[in-house]
Peer 1: 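The structure under discussion is supplied below as structure tokens; questions concerning it will follow.
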Protein chains: 2
Amino acid sequence: MKIGELAKRLDISTDTLRYYEKHGLLSFSERSESGYRIYSPKHEKQMQFILRAKAVGFSLKEIQELLEIKLEKQQHSCGEVKQLTLQKRQTVRDKIAELKRFEKSLSLLADACCGGPELATGCSILTTLEAADDIVI
Amino acid sequence: MKIGELAKRLDISTDTLRYYEKHGLLSFSERSESGYRIYSPKHEKQMQFILRAKAVGFSLKEIQELLEIKLEKQQHSCGEVKQLTLQKRQTVRDKIAELKRFEKSLSLLADACCGGPELATGCSILTTLEAADDIVI
DNA sequence: GTTGACCTTGGAGTTTACTCAAAGGTTTAT
DNA sequence: ATAAACCTTTGAGTAAACTCCAAGGTCAAC
Ligand SMILES: [Zn+2]
Ligand SMILES: [Zn+2]
Ligand SMILES: [Zn+2]
Ligand SMILES: [Zn+2]
């Protein structure tokens, strides 16, 4: 399987596949006589692992750690894997909390504004951002 | 007021102040004979607007739009301001939704893993990422 | 045998919001 | 008068994950 076919099967770009290889996520493939990358089903499996890990929120750097553990399972414990997962969940939760604060502030701002065709001179959103220490945050 | 004092009052760096000026967020200040930036209370007010807008989640680019409206309030309507706010809230909500999907997937993965000192050969997190089409997402 | 689709590499560009460094000029305090 | 603390500019670097481009080599079809 050449790179174009694998990319199509995974619904990603060939650039992405080369990028992952360059950054140590996808192990090197064989090359044809003319230098083309030739992929095996193992490569496709590995890519599916990567894409699933991405789908649950892991960054490429974190996926690298998971792959290292996966490749030498004998040297690592369940506890390590779970810790990576829990750490990730915590950063996700922190981001959610921050975004929820944003959402709340934006809702307060929007609710206080009539949103009509009046001139923005008296817009409560602008005046709040100019001066309020109470509503915001 | 020179840049160092304003930075200290706002609890940001002088680099940030110069960066905002360069990117059109903070209007140009007067200069002393020797070329130092001299800021007035108006500049401090404008920075407070910017920092409040940042605190509710607006990006610098979005803050630029808000500032444009603010500077020519006569040419703009409440509706425009509210629309910017509602648009921003929607992107925030979309991000929250994505992160919540991540959180849920990560919780499912973590809950299924014993997290003990056993070898990672049978770790359910790894096997799920290798093959599952059911739990994940 | 030549078009067109595919592959290669290296390197640059994108986005966001800074942050740091170098090399130098100015002000203030002692 | 000199050291410390400030200020200036330009330009480069950071993170994250690609994406695009140029210049060229290869392969399959008609
Ligand atoms: Zn209104
Ligand atoms: Zn309004
Ligand atoms: Zn276990
Ligand atoms: Zn486990």
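The structure displayed is predicted, hence computed values, not measured ones. Throughout, a chain's letter reflects where its sequence line sits, starting with A, and its residues are numbered from 1.
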Peer 1: Do you know the tightest heavy-atom contact between Ala120(B) and Ile69(A)?
Peer 2: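 What the structure gives for the nearest pair is CB-CG2, 4.1 Å.
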Peer 1: How do Leu60(B) and Tyr36(B) order along DNA chain C: which one's closest nucleotide is nearer the 5' end?
Peer 2: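 The 5'-side residue here is Leu60(B).
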Peer 1: Mind checking whether Leu86(A) and Val56(A) sit in one hydrophobic cluster, side chains of I, L, V, M, F, W, Y counted as touching below 4.5 Å?
Peer 2: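 Unlinked, Leu86(A) and Val56(A) end up in two clusters.
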Peer 1: Separation of Tyr39(B) atom OH from dC7(D) atom P, in whole Å?
Peer 2: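 Computing the Tyr39(B):OH to dC7(D):P distance gives 10 Å.
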Peer 1: What's the CD-C1' distance between Glu5(A) and dC7(C), to the nearest Å?
Peer 2: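 In whole Å, dC7(C) C1' and Glu5(A) CD are 14 Å from each other.
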Peer 1: Does a nitrogen or oxygen in the side chain of Lys54(B) sit under 4.0 Å from OP1 or OP2 of dT16(C)?
Peer 2: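 Result: no.
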Peer 1: Under a 3.5 Å threshold, yes or no: a donor from one side chain and an acceptor from the other, between Gln46(A) and Ser27(A)?
Peer 2: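 The answer is yes; a qualifying pair exists.
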Peer 1: Do Glu130(B) and Thr127(B) have side-chain atoms, one donor and one acceptor, less than 3.5 Å apart?
Peer 2: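 Result is no, nothing qualifies.
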Peer 1: Any donor-acceptor pair under 3.5 Å linking the side chain of Ser124(B) with the backbone of Ala112(B)?
Peer 2: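 Here the side-chain-to-backbone pair exists.
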Peer 1: For Ile38(B) and dT27(C), what is the distance between atoms CD1 and P respectively, to the nearest whole Å?
Peer 2: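 In whole Å, dT27(C) P and Ile38(B) CD1 are 10 Å from each other.
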Peer 1: Which residue, Asp15(B), Asp11(B), Thr16(B), forms the side-chain hydrogen bond (donor to acceptor under 3.5 Å, both in side chains) with Ser13(B)?
Peer 2: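 Answer after filtering Asp15(B), Asp11(B), Thr16(B): Thr16(B).
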Peer 1: If only side-chain N and O atoms of Arg37(A) are considered, is one of them under 4.0 Å from the OP1 or OP2 phosphate oxygen of dT8(C)?
Peer 2: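 The answer is yes; a side-chain N or O of Arg37(A) sits under 4.0 Å from OP1 or OP2.
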Peer 1: To the nearest Å, how far apart are Ile3(B) CD1 and dT26(C) P?
Peer 2: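 One finds 17 Å between P of dT26(C) and CD1 of Ile3(B), rounded.
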Peer 1: Expressed in angstrom and rounded to an integer, what is the separation of Ile63(B) atom CD1 from dC18(C) atom C1'?
Peer 2: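 One finds 14 Å between C1' of dC18(C) and CD1 of Ile63(B), rounded.
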Peer 1: Considering every strand and a 4.0 Å limit on heavy-atom distances, what is the contact class for Ser59(A): base, sugar-phosphate, or nothing?
Peer 2: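 Sugar-phosphate, backbone atoms only, no base.
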Peer 1: To the nearest Å, give me how far apart NZ (Lys2(B)) and P (dT26(C)) are.
Peer 2: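 From Lys2(B) NZ to dT26(C) P: 13 Å.
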Peer 1: Rounding to a whole Å, what distance do you find between Phe28(B):CZ and dT8(D):C1'?
Peer 2: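 Going from Phe28(B) (CZ) to dT8(D) (C1'), I get 15 Å.
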Peer 1: When the distance from CG of Leu51(A) to C1' of dA17(D) is rounded to whole Å, what number comes out?
Peer 2: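 Spelled out: CG on Leu51(A) to C1' on dA17(D) is 13 Å.
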Peer 1: Evaluate whether atom NZ of Lys95(B) has more than 12 neighbouring non-hydrogen atoms of other residues, nucleotides or ligands under 6.0 angstrom away.
Peer 2: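 Incorrect, the count does not exceed 12.
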Peer 1: Closer to the 5' end of DNA chain D via nearest nucleotide, is it Glu33(A) or Gly4(B)?
Peer 2: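 By nearest-heavy-atom nucleotide position, the 5'-most residue is Gly4(B).
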Peer 1: Check whether any side-chain nitrogen or oxygen of Arg31(A) sits under 4.0 Å from OP1 or OP2 of dT9(C), and answer yes or no.
Peer 2: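 Answer is yes, contact under 4.0 Å.
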Peer 1: So if I take residues 13-27 of chain B and measure heavy-atom distances to DNA chain D, which residues fall below 4.0 Å?
Peer 2: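 Those residues whose heavy atoms fall under 4.0 Å from DNA chain D, taken from residues 13-27 of chain B in numerical order, are Arg18(B).
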